[in-house]
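Whatever order the structure lists ligands and atoms in, that order sets their numbers, starting from 1.
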Amino acid sequence: MYNRASASDYDDWEVEYNNPQWGSKDILPFLQRVETYQVKPEAPTHGYSGPLKVSLGGHFDLSSEQFSEIGPKIEKDRPYAEDINTMHADSLNVFARVPKWIDETTGKRQDVATNFIYDQQGNKNLEVLDGCRVKRVIFENNRALGVEFYNDREIRPNADPNVQTVRASRLVVISAGSLGSPAILERSGIGTAEHLKNVGIPLVVDLPGVGENYQDHLSANTPYFIDESVETYDALASGDPVVTQEQLRKWNQNGTGLLGSNGFDVAIKLRPHEDELHELGPEFESRWKDFFANKPDKPIVWMTGLSRPPMTDLSKALGLPSTKFLTGAYFVTYPACRGSVHVVSDDVYAPLDFDTGFMLEVSDVAILRWAYKHNREIMRRLPVYRGPVAQYHPQFPEGSNAATTTEASPVDISAPKIVYTADDDAAIDDFHRRNVATTWHSLGTCAMKPRESGGVVDSKLNVYGVEGLKVADVSIPPSNVNANTYSTAIAIGEKAALIIGQELGISGLEI
Ligand SMILES: Cc1cc2nc3c(=O)[nH]c(=O)nc-3n(C[C@H](O)[C@H](O)[C@H](O)COP(=O)(O)OP(=O)(O)OC[C@H]3O[C@@H](n4cnc5c(N)ncnc54)[C@H](O)[C@@H]3O)c2cc1C
């Protein structure tokens with residue numbers, strides 16, 4: 001999925017966390033230069049000559065089409081629009097098609113390995129060692145000299161099991177993601193002094209921010225039955241050989257069909273209107289005032305109807321023959337909760353001590369509750385709708401007006417909206433507490449902010465307290481972005497390349 005943050009997300013990094021040249025005006029050129037936006041020519045905030053193609057994919061689901069038609073009819077002041085990714089307030093409260101990192105001419109996923117590394121085979125300056133696990137950075141007088149690593153025993157069981165070393169003459173850059181980078185730093189002796197002492201790792205720098213400030217987007221999935229004649233991803237998801245072959249044939253021919261897309265076809269970034277704020281309850285009041293009210297380009301939730309089940313074996317779990325589903329999916333765009341990730345020893349294979357922090361903040365719970373209600377009202381009006389999969393929805397009290405077991409066909413557009421009681425709300429919250437999920441948007445664990453505020457790297461990505469060591473990945477954002485994180489990760493990579501190139505004196509690297 002191609003999804004972009006709001007301009008104020010990057011401006012927060014610059015202004016609130018004191019990182020010069022990391023504002024939206026600085027990041028936008030990097031976002032533009034990596035993409036070729038095939039969706040529409042001459043859209044001012046998009047790019048047209050980058051290696052990664054962005055398109056609407058080779059398939060448009062019927063249920064999504066209906067979602068985009070019905071949504072604006074029942075959501076007040078939320079029309080259909082062309083672009084949900086302008087990065088400005090006009091991207092909010094509009095239903096729009098969801099672009100994908102997919103080349104429309106081939107139907108192929110636009111990954112960075114293919115577009116930035118596999119074409120470098122003749123490059124003598126690049127050596128890639130895959131299937132390895134970095135244990136730690138090695139230092140002399142607090143200057144990074146290289147890294148110790150192992151051949152991964154799970155990937156290379158027959159390779160040399162002893163520790164290997166690679167030395168760096170100028171700089172070490174850690175880029176192991178939001179879970180991997182803080183772990184490498186801690187194994188290297190950079191982290192909270194007390195924690196490192198407890199787990200037996202000699203201290204190099206006392207840096208309490210390492211592994212803290214963990215953020216993701218809390219999400220939930222609520223499945224509905226759908227008209228059996230509609231083409232969905234269900235058969236592909238369950239590995240049906242006939243459907244798979246047929247879709248492969250289409251995809252190989254011209255990049256179209258289900259395999260040229262992903263089922264996320266229409267979405268909306270919802271921000272409550274003033275007259276809707278009461279719907280979010282008192283738990284949301286201070287969060288709104290403190291965080292959202294003055295930033296009109298920030299939505300509170302992202303929402304869609306996904307043309308497949310939330311899990312591959314849902315039919316089996318329900319004891320049904322192969323059935324078709326549509327999934328209401330939504331994520332909290334700026335959760336108030338924070339988690340953490342830390343090592344429990346210096347063993348490179350040891351699982352991490354990982355706390356997502358999910359559902360610890362009542363404002364996040366209120367947003368999920370609001371999203372469930374809005375999503376369900378759209379779903380139950382789609383012509384393809386055949387009722388909720390009750391087992392995977394909140395368990396409402398007996399006799400509730402919100403019961404999920406009684407509705408097996410769409411209601412009229414003008415049907416009254418479901419009125420939820422306090423007990424119904426409690427059932428929704430309980431459902432979310434039991435079923436909240438990651439959106440795989442982990443970030444923030446090596447935050448780029450002042451050291452005294454819990455920062456790990458400065459605005460040139462240097463790790464505080466040592467020399468010759470940077471972090472460059474999606475662990476460095478000090479605060480969240482309202483979008484799926486791939487575009488932000490790539491922009492960080494591009495910006496890091498420029499910073500590093502300039503420091504190393506490489507010419508011709510201007511943006
Ligand atoms: C299942 C899934 C689906 C997603 N879908 C989308 C989407 O549709 N759209 C979107 O915008 N974003 C999506 N994301 C998020 C996006 O992929 C990530 O935000 C992005 O890849 C983060 O980039 P990164 O470079 O920070 O980390 P990563 O891409 O995680 O790269 C870190 C790398 O470091 C390696 N590593 C970790 N520890 C070590 C170690 N000790 N030694 C050696 N190597 C190590 C890891 O194996 C990994 O290859 C998705 C993520 C997941 C997991």
- [ ] Classify the ring geometry between Y330 and Y372 as parallel (under 30°), tilted (30 to 60°) or perpendicular (over 60°).
- [x] perpendicular

Open item on the list: Applying side chain to side chain donor-acceptor pair (under 3.5 Å) as the test, list every pair that has at least one member in residues 183-195; sequence neighbours left out.
Closed with: E186-H342

Open item on the list: Show me the pairs that pass ring-ring contact (aromatic ring centres under 6.0 Å, His included) and involve residues 459-479, at least two apart or across chains.
Closed with: none

Open item on the list: I need the single residue from Q38, K108, R109 that forms a side chain to side chain donor-acceptor pair (under 3.5 Å) with D103. Which is it?
Closed with: Q38

Task: Check: Y233/D61 side-chain N/O donor and acceptor closer than 3.5 Å - done: no

Open item on the list: What does the 4.0 Å heavy-atom contact list look like for ligand 1?
Closed with: M1, C132, R133, V134, S175, A176, G177, G180, I184, R187, W440, D473, V474, N484, T485, Y486, A489

- [ ] Please list, chain by chain and in numerical order, all residues satisfying ring-ring contact (aromatic ring centres under 6.0 Å, His included) with Y214, sequence neighbours excluded.
- [x] F354

